[in-house]
Amino acid sequence: MAVLVRDLVASLVAGSTQAAARLISLLENDDPRAAEILVALFPHTGRAHVVGVTGPPGSGKSSLVNAAIRRLRAEGRRVAVVAVDPTSPFTGGALLGDRVRMQDHSTDPEVFVRSMATRGSLGGLAPATDEAVAVLDAWGAEVVFIETVGTGQAEVDVVAAADTVVVVTTPGLGDGVQTIKAGVMEIGDVFVVNKADRADADRTVTDLKMALGLAARDGWRAPVLTTVATEGRGLEELLAAIADHRRAQQAAGAVEARRRQRWRRDIVRAAEARLRAAFLDGATASRLDELVAKVARGELDPRTAAARLLDAAGAPAVGAGIAGATLDHIGVAVRDLAAAAAVYERALGLAAGAPETLPADRVLVAFVPVGATRIELLEPTDADGPVARFLARRGEGVHHVAVAVPDLEAALAQARKAGCAPIDEVPRQGAHGRRIAFLHPRHTHGVLIELVERPQRAPA
Ligand code: CO
């Protein structure tokens, strides 16, 4: 029963359609082995040409893909289709009619056809589709078509990051161009007027060309082609245009960029889905119910309710003032920085960074990273500075504790209100050029507190 992921992926790479079907199902259903499958799969991906095919219902996309498969098969090429229908969440029912035509290829082991719906698919339809495409890529498909039922937002999302996007329309759908929504015009690399044997086909072609203008993307101007899919007319030109686009993309170095765009989207979606699932667990869900009731009764506004929900879940606080403060570093006064750094290295295996002189503070500083925080070693550069005086009075040891805050002014205002007058009335520049201000130990039960404004990026 328990087939090893390793064996399944080995069968897949050897060309087993059963393994492909099985793996896509496991991924689609968020099987616990999904992560393991993807890890095993990814080294075998990146070869297939992924072609998105979208367009309004009734434009004959399935017939077109079907005809394209027939041609590619005649050339002996292995092909796959992932048909996506975001409107049929449970069974992919709306696709079944279209898929009947695909049965032309149902006995051909070199053709794989799969329907995807929104069922399962942690993180959404687009990532689920990309995972299915990755399986078929590893299976050895040279071309993978992603075909959508319509041109809704979810469908545009699914095909937008394909290597090549084919937009299909047809005469007689009213104004040919208006049936293609603006967002779809922008993602098309090849435009096809299908059912071009109809009377007003020329008009649709002209309208499309007008709408497209002379705009080029990555050095490629999208052509407008005509086809009669049911008779196989125009298919040779279409496949040539798809191949030309791939070559142009490769020449422009744009293939990699699009794939990155695709994986970026999928990574963010998967992370969001995991956060959401982990966040909305039992405890938070019941707290959410309470908050909903309060908002409904007008006792609370939704934004405040969201803040309380995050607080209740122990999520990192976000906002002004001291909220969101973290330990930035602990300052240690030493007489010989190099000697002290050598001890940290020898005794604890912690290496200090490059030393920096802070003339205003009359110290030489070096940071020793320790997990998420750091130890700051401070050596006085003359006998008169604050660290020199600290050493004379108290000897070597902890000199200050530094707390990073998102908003230094807000943190200082709060400290003042609590009676902790800052030593620095106005924040100044500390190590790494970050803005800092100190609170006097006499207000803080004996510890000099350094407030540091958290940088947008980690310091170099
Ligand atoms: Co410091």
Side-chain angles (χ1 to χ4, degrees), residues 25-38 84-93 116-132 152-158 160-161 183 261-328 371-373 403-411 413-414 417-418 453-454 456-458:
S25 294
L26 290 171
L27 290 169
E28 202 181 18
N29 295 325
D30 299 331
D31 186 271
R33 286 165 288 178
E36 191 189 344
I37 290 168
L38 290 171
V84 174
D85 182 2
T87 60
S88 57
F90 301 115
T91 60
M116 301 282 294
T118 45
R119 143 177 74 103
S121 64
L122 182 73
L125 192 57
T129 304
D130 290 339
E131 287 175 1
Q153 191 49 55
E155 285 141 312
V156 168
D157 194 34
V158 163
Q261 181 190 334
R262 189 151 82 221
W263 297 126
R264 176 182 299 274
R265 174 194 66 192
D266 291 355
I267 290 165
V268 170
R269 298 269 168 84
E272 280 172 351
R274 286 186 70 149
L275 273 175
R276 185 179 288 265
F279 179 67
L280 290 178
D281 65 358
T284 315
S286 60
R287 176 81 178 126
L288 177 59
D289 289 341
E290 286 168 35
L291 289 162
V292 167
K294 284 193 175 166
V295 172
R297 287 196 300 267
E299 294 167 20
L300 209 59
D301 66 278
R303 282 193 194 209
T304 309
R308 294 213 185 146
L309 188 67
L310 287 167
D311 286 348
V318 185
I322 213 93
T326 52
L327 178 64
D328 190 84
T373 184
V403 173
V405 292
D407 181 340
L408 185 54
E409 266 73 23
Q414 183 165 337
K417 228 163 66 187
E453 191 151 73
R454 187 177 296 132
Q456 293 308 300
R457 287 172 302 156

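Throughout, residue positions are numbered sequentially from 1 according to the sequence presented.
Although no hydrogens or angles enter the test, the distance criterion places no donor-acceptor pair under 3.5 Å between the side chain of Asn29 and the main chain of Asp31.
Considering every non-hydrogen atom in both Ala126 and Asp157, the closest pair reads CB-OD2, 3.9 Å. The nearest pair of heavy atoms linking Glu131 to Leu38 is OE2-CD1, 3.5 Å. When all heavy atoms of Ala34 and Leu27 are compared, the pair lying nearest together is O-CD2, 3.8 Å.
Residues forming a side chain to side chain donor-acceptor pair (under 3.5 Å) with Glu290 (at least two apart in sequence, or on another chain): Arg287. Every side chain to side chain donor-acceptor pair (under 3.5 Å) that Arg265 has, sequence neighbours left out, goes to Asp130.
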Output side-chain donor-acceptor pairs under 3.5 Å for residues 295-304, partner residues at least two apart or in another chain, one line each.
| residue | atom | partner | partner atom | Å |
| --- | --- | --- | --- | --- |
| Arg297 | NE | Glu299 | OE2 | 2.7 |
| Asp301 | OD1 | Thr304 | OG1 | 2.4 |
| Asp301 | OD2 | Arg303 | N | 3.1 |
| Asp301 | OD2 | Thr304 | N | 3.0 |
| Asp301 | OD2 | Thr304 | OG1 | 3.1 |

